[in-house]
Amino acid sequence: MREINRYLVTAALPYANGPLHIGHLAGAYLSADIYSRYLRLTGQDVAFICGSDEHGAAITIKALQENKEPQEIVDTYHALFQDTFQKMGISFDKYHRTSAELHHQTSQDFFRELHKRGEFIEKESEQYYDPIAKQFLADRYIKGTCPKCSHDSAYGDQCEKCGSALSPTELINPESTLSEGKPELRTTTHWFLPLDKYEGWLNEWINKGTVDGEQLHFPEEWKNHVLGQCRSWLDNGLHPRAMTRDLSWGVDVPQEIPGAEGKKLYVWLDAPIGYISATKEWAAENDKNWEDYWKSEDSALIHFIGKDNIVFHCLIFPSILKAHEGYVLPYNVPANQFMNLEGDKISTSRNWAIWVHEYLEDMPDKQDELRYALAKNMPELKDSEFTWKGFQDANNNELVNNLANFINRVVVLTNKYYDGAVPDFDEDTSFIGPEGEESLPAFHDSELVRLNDNLLDYRQQMCKFDFRGGLKTLMLISSQGNQILQANEPWKLIKEDEEAVKPIMNLMLQYLKVLAVGMRPFLPFSADKMMTLLNLPAITEEGELNAIGESLCEGELIVPVAHKIGTPSHLFSRIDDEVIKAQVEKLEATKVASTPSATPAAPLKSTVQFDDFMKMDLRAATIIEAKKVKKADKLLELTLDVGFEKRTVVSGIAQHFSPEEALGQQVTLLANLAPRKIRGVESQGMILMAENGDGSLKFIQPTEGTENGSSIS
RNA sequence: GGCGUGGUAGCUCAGCUGGUUAGAGCGCAGCAUUCAUAAUGCUGAGGUCGACGGUUCAAGCCCGUCUCACGCUACCA
């Protein structure tokens with residue numbers, strides 16, 4: 001196995017079209033930060049890299065909606081991200097952005113190299129082109145009449161009214177949203193990465209960790225859900241994947257390549273290369289060589305991501321790296337699952353989230369409290385749940401009552417008995433250990449060893465990405481400190497035998513330093529306060545953990561005798577019920593605010609002529625049979641009584657209505673829609689639905705007394 | 001629909017390659033204690049380990065069926 005001498009830690013690039021919520025932190029950033037800080041404490045060479053993902057159609061759309069330039073949108077969110085991460089203590093070595101010139105160059109060079117090597121397959125297809133704007137149009141840039149509901153401004157990929165997924169060529173009267181002109185079909189070329197060709201080595205690499213027999217990682221160290229997802233894809237066979245798009249906002253395909261005009265790199269190619277360009281920028285600023293981190297056999301590349309990104313980071317990006325040659329492949333991808341909030345999925349669109357920038361305003365200087373609550377309950381192996389009550393309990397019962405209180409009682413006693421100076425002691429003085437065990441000669445030494453054993457447990461857990469376990473071990477150290485104090489009762493003992501108190505208090509002070517350093521990855525702000533409290537030099541994350549471990553092993557003190565500590569001050573404070581109640585109410589209020597009236601209505605579509613409308617034949621009809629379409633989650637097969645005949649219609653409403661609910665409903669039918677086979681069933685028309693702001697669907701129903709088959713106009 | 005991952009005490013979660021009475025933290029009850037932010041310590045009560053069936057001397061852990069949650073994917077005129 002190769003030796004590892006440096007680590008490149010990445011956290012998923014956040015997409016610059018909305019603020020960060022606690023799910024983002026719990027999913028990738030906090031884990032990545034904890035791990036990076038931990039590695040630094042063990043003296044490792046670490047580059048912790050991230051940046052804003054600023055390209056893609058979604059950002060252009062948002063810009064259009066808000067009547068802004070895409071650059072304005074990404075500037076706003078990039079600034080917000082930077083600020084939020086910095087305030088939360090996420091210790092990126094470099095936080096970059098994909099709109100940076102360096103990134104454009106880097107990703108273009110990458111594409112060039114792959115192209116030169118002949119790794120791409122070129123595929124032609126017919127696509128709409130706007131002759132006025134002189135570019136191919138992404139699906140989202142084409143509007144037209146929905147063939148399903150006759151909604152007159154359906155997008156090329158989806159009709160927002162009826163929710164149908166569309167392909168641009170299906171639209172009636174397509175129109176470019178850029179120029180409002182009529183687009184024409186033209187042949188366009190795209191470059192595909194033939195993932196199917198890589199199946200062989202990917203299989204070996206994922207399942208055995210080897211490439212050409214060389215051990216690159218250990219699959220048994222990877223998380224189950226990560227391996228499972230990868231194997232699932234591999235077993236089902238991979239397919240070529242387009243690496244370019246016809247878009248206006250993104251990284252240009254190198255223009256010297258024939259056919260590149262108007263083409264942009266696919267964001268999923270562009271984004272992970274952002275890790276590379278960010279590393280380059282960092283290296284240039286810090287007198288490092290970026291290639292050491294990306295191209296050297298003794299570097300470990302670790303991607304922290306959420307579970308929705310697994311395939312990309314475990315299969316597609318590695319394929320890209322390998323096709324280019326010279327790059328290391330990921331050593332581990334410790335993807336987290338998702339964090340739910342108060343019993344519900346976190347949802348940006350439903351505004352069911354705790355926004356980190358708002359938290360920072362509402363709860364000033366409580367970054368570590370949030371970091372603790374998230375870390376303690378991180379979705380490392382399965383989805384987890386965040387509740388405000390849980391947050392309060394974790395703060396009050398664990399941070400305040402256990403940790404901060406332990407620290408405080410030690411500092412108070414030390415100041416009271418020894419005027420703040422670490423006491424010297426007779427090594428043969430005995431006392432009681434945390435489990436109430438009998439004291440032995442030189443007990444203090446063996447207690448230091450025990451402390452080190454805990455530290456070793458902690459280190460092992462941290463190495464295995466078991467951060468919750470590591471945090472728990474630290475809290476155990478704090479608990480054991482409380483136990484030792486309780487068992488020995490120095491406040492009583494001091495009246496009978498002053499000498500006997502000294503080894504106990506000395507040991508407790510050693511505990512405090514271990515806690516301060518060990519907690520640094522989780523609670524960076526508080527760890528610093530602890531060091532100040534102990535009047536010790538600030539933690540620089542340059543191998544302090546190793547130094548402590550070595551000393552403890554040898555039975556040496558890590559806080560020397562006679563060292564003068566600071567005066568007591570509280571590390572954490574209680575969070576009252578009212579504060580929690582206010583947050584819960586704020587969250588509940590978003591549920592009300594997200595009701596249809598508060599959701600912005602879909603923009604009006606462009607004007608149509610009367611004749612266009614008259615082309616549609618709308619009829620009243622009643623659903624007389626309804627059943628689920630097999631092998632389709634969203635489809636109901638409906639039989640409609642249209643008065644003069646019966647029709648079969650397949651409709652994508654199964655997730656909103658059960659067959660029983662649909663049965664007997666009178667609906668509006670678009671009767672002259674061209675028939676189409678869906679999942680083997682011919683659908684003769686389409687029923688009209690209204691979509692509310694919350695995404696729920698309602699039938700468009702004639703009032704009572706309407707006869708089936710009557711014409712609607 | 002296919003594939004993947006999970007469903008363990010009131011709550012949030014651990015349980016390695018199957019092995020004696022299933023664990024932790026919080027909450028709850030009782031006792032002890034006061035140095036400390038009404039903090040701490042000890043003891044205890046709580047689980048048919050999603051359901052059913054199977055393999056085994058032995059299953060939370062293996063196999064099958066089902067169910068629920070989440071992710072990826074297909075479908076969505």
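Each chain gets a letter, A, B and so on, in the order its sequence line appears, and its residues count up from 1. As the structure is a prediction and not an experimental result, all values here were calculated from the model.
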Touch class at under 4.0 angstrom, heavy-atom based, for A:Phe406 against every strand present: nothing

B:U67 to B:C52 separation - P atoms, rounded to the nearest Å: 15 Å

Spacing of the P atoms in B:C75 and B:G15 (rounded, Å): 38 Å

A:Tyr458 and A:Phe522 aromatic ring geometry - parallel, tilted or perpendicular at 30°/60° bounds: tilted

Any strand: nucleotide that pairs with B:C52 via Watson-Crick or wobble, under 3.5 Å: B:G64

A:Gln486 vs B:A36: side-chain N/O to OP1/OP2 distance below 4.0 Å: no

Per A:Ser232 side chain, nearest of listed nucleotides B:C70, B:C35, B:G4: B:G4

A:Asn408, nearest nucleotide to its side chain (from B:G6, B:U37, B:U73): B:U37

Which nucleotide in B:G71, B:C35, B:C42 has an atom nearest any side-chain atom of A:Gln483: B:C42

B:G18 pairs with, by Watson-Crick or G-U criteria that keep both distances under 3.5 Å: none

Value in whole Å for how far the P atom of B:C35 lies from CG of A:Leu485: 13 Å

Nearest-Å distance for atom pair CE/C1', residues A:Met505 and B:C35: 8 Å

A:Ala487 vs A:Gln684, nearer the 5' end of RNA chain B by closest nucleotide: A:Ala487

OP1 or OP2 of B:A14 under 4.0 Å from side-chain N/O of A:Lys382: yes

Short side-chain N/O contact from A:Asn224 to OP1 or OP2 of B:G6, under 4.0 Å: yes

A:Phe317 and A:Val311, any side-chain heavy atoms less than 4.5 Å apart: no

Sugar-phosphate only, base, or nothing, as touched by A:Leu571 at under 4.0 Å among non-hydrogen atoms: base

Options B:C75, B:G71, B:G41, nucleotide nearest the side-chain atoms of A:Leu635: B:C75

Parallel, tilted or perpendicular: rings of A:Phe312 and A:Tyr266 (30°, 60°): perpendicular

Between B:A36 (C1') and A:Ile494 (CD1): distance, integer Å: 16 Å

Anti versus syn assignment for B:G25, with syn defined as within 90° of 0: anti

Identified pairing partner of B:G1, criterion: Watson-Crick or G-U wobble below 3.5 Å: B:U73

Separation of B:G27 C1' from A:Asp577 CG (nearest whole Å): 14 Å

Whole-angstrom distance between B:G6 and B:C13, as gauged at atom P: 15 Å

Touch class at under 4.0 angstrom, heavy-atom based, for A:Asn405 against every strand present: base

Euclidean distance for P, B:G25 against B:G44 (whole angstrom): 13 Å

Sugar-phosphate, base or nothing in reach of A:Ala394, heavy atoms under 4.0 Å: nothing

Atom P, compared across B:G27 and B:U40: separation rounded to whole Å: 8 Å

Per A:Phe338 side chain, nearest of listed nucleotides B:C35, B:C70, B:U5: B:C70

Which nucleotide in B:U37, B:C13, B:C76 has an atom nearest any side-chain atom of A:Val400: B:U37

A:Arg468 side-chain N/O to B:A14 phosphate OP1/OP2 under 4.0 Å: yes

Gap in Å between the two P atoms, one belonging to B:C35 and one to B:U8, rounded: 44 Å

Nucleotide B:U40, atom P - distance to CG of A:Leu403 in whole Å: 12 Å

Who pairs with B:G10 - Watson-Crick or G-U, where each distance is under 3.5 Å: B:C26

Whether A:His24 and A:Tyr29 hold their rings parallel, tilted or perpendicular, with breakpoints at 30° and 60°: tilted

Donor-acceptor pair present, A:Asp383 side chain and B:A69 base, under 3.5 Å: no

Nearest-nucleotide pick for A:Ala404, side chain only, options being B:U40, B:A36, B:U37: B:U37

Side chain of A:Trp233 - closest among B:C72, B:C70, B:C35: B:C72

Distance, P atom - from B:G53 to B:C16, rounded to whole angstrom: 25 Å

A:Lys492 side chain, from C-beta outward: closest of B:C3, B:U40, B:U33: B:U33

Backbone of A:Leu669 reached by a side-chain donor or acceptor of A:Arg619 within 3.5 Å: no

4.5 Å side-chain heavy-atom contact, A:Trp205 and A:Tyr198: no

Between A:Asn415 and A:Thr567, a side-chain donor and acceptor under 3.5 Å: no

5' priority, RNA chain B, between A:Asn397 and A:Val226 [closest heavy atom]: A:Val226

Candidate nucleotides B:C26, B:C35, B:C13, ranked by approach to the side chain of A:Ser384 - the nearest: B:C13

For B:A32, the Watson-Crick or wobble counterpart (both distances under 3.5 Å): B:U40

Nearest-Å distance for atom pair CG/C1', residues A:Leu315 and B:U73: 14 Å

Rounded distance in Å between the P positions of B:G47 and B:A22: 12 Å

Length of the NE2-P vector between A:His239 and B:C3, whole Å: 15 Å

Contact check, side chains of A:Asn454 and A:Gln480, non-hydrogen atoms, under 4.5 Å: yes

Atom-pair distance (CD1 on A:Ile310; P on B:U73), nearest Å: 12 Å

A:Thr387 side chain reached by A:Glu385 side chain, heavy atoms, under 4.5 Å: yes

Under 4.0 angstrom between A:Lys345 side-chain N/O and B:G71 OP1 or OP2: yes

